[in-house]
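Every chain is numbered from 1, with letters handed out A, B, ... down the list of sequences.
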Amino acid sequence: MSLAHVRIADIAQHDGQTVTLAGWLYNLRKSGKICFPILRDGSGIIQCVAVKANLPEETFEALKNLTQESSVKITGKVRAEQRATGGFELDVESCEILQRVPEETPYPITPKDHGIDFLMDHRHLWLRSRRQFAIGKVRHEVIKATRDYFDENGFTLVDCPIFTPAACEGTTTLFEVDYFEDEKVYLTQSGQLYNEANAMAFGKVYCFGPTFRAEKSKTRRHLTEFWMVEPEMAYATLEDVKELAEGLVCFIVQRVLANRRTELAILERDVSKLEAITGPFPRISYDEAVKILQRKGSEIEWGSDFGGTDETLLAEEFDRPVLVEKYPAQVKAFYFQPDSERPELALGVDMLAPEGYGEIIGGGQRIHDYDLLLKRIEEHHLPKEAFDWYLDLRRFGSVPHAGFGMGIERCVAWMCGLEHIRETIAYPRMLYRTRP
RNA sequence: UCCUCGGUAGCUCAAUGGUAGAGCAUUCGGCUGUUAACCGAAGGGUUGUAGGUUCGAAUCCUACCCGGGGAGCCA
């Protein structure tokens with residue numbers, strides 16, 4: 001693709017040349033007979049220099065009176081400049097204003113402080129700011145790395161439906177869709193059941209898409225709509241899942257460190273924390289986790305699941321993600337394969353990110369025996385008819401299989417070192433926020 | 001859903017029962033190296049909504065609405 005204009009990100013290749021940049025006015029500083037329009041173009045930010053003596057009167061006046069976020073094409077000469085943050089400046093020769101933001105309705109997001117409510121109301125504009133831009137780039141890198149990792153390791157992308165007739169876990173956390181005749185349909189909360197079918201067809205598969213949870217969760221690590229990548233492998237066990245999860249996370253961290261240093265710097269991320277993320281990750285059992293938590297003062301009892309505080313307490317024991325495995329079957333979903341030595345345990349594993357970012361991965365080995373799966377469906381009072389096709393997978397060449405799900409937003413929040421998950425997605429959907 | 005804090009100028013905040021104010025933004029003026037530029041001036045208010053207490057309410061009380069933080073919930 002070639003464009004008539006140069007991207008700011010590529011400006012170093014054009015030192016000394018006259019180029020045209022197409023972007024938006026990020027900020028403007030002026031001082032009588034010289035002014036400094038700061039231009040943003042979606043690839044980077046550069047300071048332009050307009051000197052009154054070197055320009056036609058109307059060009060200088062137009063630039064000097066430009067308003068924030070007006071769209072403008074600026075032509076000028078690229079010059080290496082020690083004083084500039086990006087290392088280059090543009091000496092303005094001419095400009096073309098596409099749309100000038102009127103003074104009466106100025107751009108609402110000024111370079112000064114704003115509260116979160118105001119910023120969220122203006123999310124469609126907030127995305128233009130430097131920090132949100134950096135987060136968006138890291139998110140893109142995380143997703144690209146995730147896809148590359150699976151693609152390069154023999155996985156096939158087979159996406160799963162978003163409208164689903166049956167619940168994985170009961171219906172209380174599902175969004176009901178009132179449209180289809182004859183049956184109730186819900187927005188998916190996981191592609192896993194379909195993934196299992198796909199794995200029997202393709203061997204190793206993954207799906208990647210939005211998932212929906214109707215949980216009344218109001219915390220810094222929950223979204224109502226979030227994106228999840230879910231691999232599933234035939235002829236695989238809990239051990240394979242742990243290995244795959246560790247490999248994926250290391251790969252993502254390396255990619256982000258390799259390609260997004262600039263963005264991490266904008267976010268003031270302590271990169272040494274990410275540089276420490278190398279395999280092997282510590283692996284502990286649920287039993288050991290409970291002992292650690294009790295020693296640290298948690299009131300957790302064996303048999304219950306970890307709360308957010310427990311996850312943080314546990315994670316702070318380690319400087320890299322920790323894998324916690326073999327949970328009591330009672331806290332896990334119906335489809336987990338039981339441990340052969342201790343059937344009260346489920347062959348599930350969670351990966352807890354360091355620095356309090358919580359569970360980023362959850363998965364495990366699935367039940368492959370028909371009779372056991374049917375028993376579990378009945379024990380959980382799930383409608384057997386809805387799982388007929390799922391049970392088919394245990395009738396026709398059933399094999400041990402395993403997989404996991406990774407929440408993209410939690411992973412991005414961790415990479416970026418964010419306080420709140422709401423900044424990791426362009427338009428977050430939360431309990432009390434659905435606009436813009 | 002519960003606990004907790006908050007809602008005052010476009011934005012971020014101050015005013016602790018007695019004349020509603022500052023910084024930024026906007027407008028006008030000044031400045032040839034600014035880095036959230038700076039200096040001077042101007043305009044800008046039904047203090048979330050409704051009711052109550054009081055001589056007098058942004059301030060105290062009640063209800064509701066909206067939001068922040070936390071909890072619970074949560075492959």
Enquirer: Is B:U8 paired to anything, Watson-Crick or G-U wobble with both distances less than 3.5 Å, and if yes, which nucleotide?
Expert: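 None - no nucleotide pairs with B:U8, as no candidate has both distances under 3.5 Å.
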Enquirer: Can you find an N or O donor on one side and an acceptor on the other, under 3.5 Å apart, linking the side chain of A:Q47 with the base of B:U34?
Expert: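 Side chain to base: pair found, below 3.5 Å.
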Enquirer: Show your working on salt bridge (Lys or Arg N to Asp or Glu O under 4.0 Å) between A:R213 and A:E225 and close with a plain yes or no.
Expert: CA-CA 7 Å; A:R213 303 277 169 96; A:E225 175 184 321; over 6 Å; no
Enquirer: Counting side-chain heavy atoms from CB outward, which of B:C73, B:U1, B:C31 is closest to A:K33?
Expert: B:C31
Enquirer: Which value, in whole Å, describes the distance between the C1' atoms of nucleotides B:C73 and B:A15?
Expert: 41 Å
Enquirer: On RNA chain B, compare the nucleotides closest to A:F336 and A:Y432; which residue's is nearer the 5' end?
Expert: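 That would be A:Y432.
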Enquirer: For B:C11 and B:A36, measure between their C1' atoms and round to the nearest Å.
Expert: 14 Å
Enquirer: Would you kindly give the CD-to-P distance between A:E104 and B:G44, to the nearest whole Å?
Expert: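 Atom-to-atom, A:E104 to B:G44, this comes out as 17 Å.
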Enquirer: What nitrogen or oxygen pairs link the protein and nucleotides 8-13 of chain B at under 3.5 Å?
Expert:
| unit_1 | atom_1 | unit_2 | atom_2 | d |
| --- | --- | --- | --- | --- |
| B:C11 | O2' | A:D113 | O | 3.1 |
| B:C11 | O2' | A:H114 | ND1 | 2.6 |
| B:U12 | OP1 | A:G115 | N | 2.9 |

Enquirer: Which of residues 53-61 of chain A have a heavy atom under 4.0 Å from RNA chain B?
Expert: A:A53
Enquirer: What integer distance in Å separates A:D91:CG from B:U32:P?
Expert: 18 Å
Enquirer: Within less than 4.0 Å of OP1 or OP2 of B:A71, is there a side-chain N or O belonging to A:T309?
Expert: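 Yes, A:T309 has a side-chain N/O under 4.0 Å of OP1/OP2 on B:A71.
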Enquirer: Please report the distance separating the P of B:G7 from the corresponding atom of B:U16, rounded so that it comes out in whole Å.
Expert: 14 Å
Enquirer: Partner lookup for B:A41, please. Criteria are Watson-Crick or G-U wobble with both distances under 3.5 angstrom; report none if nothing qualifies.
Expert: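 Across all strands, the one nucleotide that pairs with B:A41 is B:U27.
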Enquirer: Under 4.0 Å from any atom of RNA chain B, heavy atoms only: list the residues of residues 77-87 of chain A that qualify, in numerical order.
Expert: A:R79, A:R83
Enquirer: Contact class for A:N27 (heavy atom, under 4.0 Å): base, sugar-phosphate, or nothing?
Expert: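 If one applies the 4.0 Å heavy-atom cut-off, A:N27 turns out to touch the sugar-phosphate alone, with no base involved.
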Enquirer: How would you label the contact of A:M228 with the nucleic acid (heavy atoms, under 4.0 Å): base, sugar-phosphate, or nothing?
Expert: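 A:M228: base contact, heavy atoms under 4.0 Å.
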Enquirer: Any strand counts, and the cut-off is 3.5 Å on both contacts for Watson-Crick or G-U wobble. Which nucleotide pairs with B:A50?
Expert: B:U62
Enquirer: Among the nucleotides B:A71, B:C73, B:A36, which one has an atom lying closest to any side-chain atom of A:K218?
Expert: B:A71
Enquirer: Minimum heavy-atom separation for A:H122 and A:P108, please, with both atom names.
Expert: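 Looking at all heavy atoms of both residues, the shortest contact is CD2-CG, 3.7 Å.
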Enquirer: Please state the P separation for the pair B:U19 and B:G56 - nearest whole angstrom.
Expert: 15 Å
Enquirer: Side chain to side chain contact (heavy atoms under 4.5 Å, CB included) with A:E230: which residues, sequence neighbours excluded?
Expert: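 A:E230: side chain to side chain contact (heavy atoms under 4.5 Å, CB included) contacts with A:S190, A:Q192, A:N195, A:C207, A:M228.
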Enquirer: Using whole Å, report how far NE2 of A:H222 lies from P of B:A71.
Expert: 10 Å
Enquirer: Which whole number of Å gives the distance between the P atom of B:C39 and that of B:G23?
Expert: 10 Å
Enquirer: Between atom NZ in A:K64 and atom C1' in B:C31, what is the gap in whole Å?
Expert: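 My rounded result for the distance is 10 Å.
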Enquirer: Please pick, from B:U32, B:U26, B:C74, the nucleotide with the shortest atom-to-atom distance to any side-chain atom of A:S31.
Expert: B:U32
Enquirer: Send over the distance from A:L174 CG to B:C73 P, rounded to a whole Å.
Expert: 18 Å
Enquirer: If the P atom of B:G40 is compared with that of B:U46, how far apart are they to the nearest Å?
Expert: 29 Å
Enquirer: Which pairs, with at least one residue in residues 40-57 of chain A and sequence neighbours excluded, count as a salt bridge (Lys or Arg N to Asp or Glu O under 4.0 Å)?
Expert: A:R40-A:E69
Enquirer: Got a sec, which residues hit ring pair (Phe, Tyr, Trp, His ring centres under 6.0 Å) with A:F208, two or more places apart in sequence or on another chain?
Expert: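 Checked A:F208 against ring pair (Phe, Tyr, Trp, His ring centres under 6.0 Å); matches are A:W227.
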Enquirer: Starting from P on B:C2, measure out to CG on A:L431 and report it in whole angstrom.
Expert: 12 Å
Enquirer: List for me each residue that meets salt bridge (Lys or Arg N to Asp or Glu O under 4.0 Å) alongside A:E243, sequence neighbours excluded, and say none if there are none.
Expert: none
Enquirer: Which residue, A:G307 or A:H420, contacts RNA chain B at a nucleotide closer to its 5' end, judged by nearest heavy atom?
Expert: A:H420
Enquirer: Please tabulate, for the side chains in residues 23-37 of chain A, all donor-acceptor contacts under 3.5 angstrom to protein atoms that are two or more places apart in sequence or on a different chain.
Expert:
| unit_1 | atom_1 | unit_2 | atom_2 | d |
| --- | --- | --- | --- | --- |
| A:Y26 | OH | A:R130 | N | 3.2 |
| A:R29 | NH2 | A:Q47 | OE1 | 3.3 |
| A:K30 | NZ | A:K64 | O | 3.2 |

Enquirer: Donor-acceptor pairs are to be reported for all side-chain atoms of residues 372-387 of chain A against protein atoms at under 3.5 Å, with residues two or more places apart or in another chain.
Expert:
| unit_1 | atom_1 | unit_2 | atom_2 | d |
| --- | --- | --- | --- | --- |
| A:R376 | NE | A:E379 | OE1 | 3.2 |
| A:H380 | ND1 | A:R376 | O | 3.0 |

Enquirer: Using the salt bridge (Lys or Arg N to Asp or Glu O under 4.0 Å) criterion, which residues pair with A:R410? Sequence neighbours excluded.
Expert: none
Enquirer: Can you name the ring pair (Phe, Tyr, Trp, His ring centres under 6.0 Å) partners of A:H114, sequence neighbours left out?
Expert: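 A:H114 satisfies ring pair (Phe, Tyr, Trp, His ring centres under 6.0 Å) with A:F118 only.
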Enquirer: If you go through the side-chain atoms of A:E89, does one of them form a donor-acceptor pair with the base of B:G33 closer than 3.5 Å?
Expert: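 Flag set: donor-acceptor pair detected.
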Enquirer: Among A:L98, A:L39, A:L21, whose side-chain contact (heavy atoms from CB on, under 4.5 Å) with A:K73 holds?
Expert: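 Among A:L98, A:L39, A:L21, the one meeting side-chain contact (heavy atoms from CB on, under 4.5 Å) with A:K73 is A:L98.
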Enquirer: Can you tell me how far C1' in B:C38 sits from the matching atom in B:U34, rounded to whole Å?
Expert: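 After rounding to an integer number of Å, I get 9 Å for this pair.
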Enquirer: Counting Watson-Crick and G-U wobble pairs only, both distances under 3.5 Å, name the nucleotide matched with B:A71, or none.
Expert: B:U1
Enquirer: For A:T164, is there any backbone N or O sitting under 3.5 Å from a side-chain donor or acceptor partner on A:T188?
Expert: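 The answer is no, because no donor-acceptor pair under 3.5 Å joins these two groups.
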Enquirer: In whole angstrom, what separates A:Q68's CD from B:C24's C1'?
Expert: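 Checked: the CD to C1' distance equals 12 Å.
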Enquirer: Do the two ring centres, one from A:F175 and one from A:F163, sit under 6.0 Å apart?
Expert: no
Enquirer: Taking atom P in both B:G72 and B:G17, what distance in whole Å separates the two?
Expert: 38 Å
Enquirer: B:G69, OP1 or OP2 - any side-chain N/O from A:R422 closer than 4.0 Å?
Expert: yes
Enquirer: Apply side chain to side chain contact (heavy atoms under 4.5 Å, CB included) to A:R342 and list each qualifying residue two or more places apart in sequence or on a separate chain.
Expert: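 With sequence neighbours excluded, A:R342 shows a side chain to side chain contact (heavy atoms under 4.5 Å, CB included) to A:D287, A:W302, A:D339, A:E344, A:L345, given in chain and number order.
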Enquirer: Side-chain donor-acceptor pair under 3.5 Å between A:S304 and A:E301, yes or no?
Expert: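 No, because no side-chain N or O of A:S304 sits under 3.5 Å from a partner of the opposite role on A:E301.
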Enquirer: Give A:K30 one of three labels, base, sugar-phosphate or nothing, depending on what nucleic acid heavy atoms sit under 4.0 Å from its own.
Expert: base
Enquirer: In whole angstroms, how far is the P atom of B:G72 from the CD atom of A:E311?
Expert: 11 Å
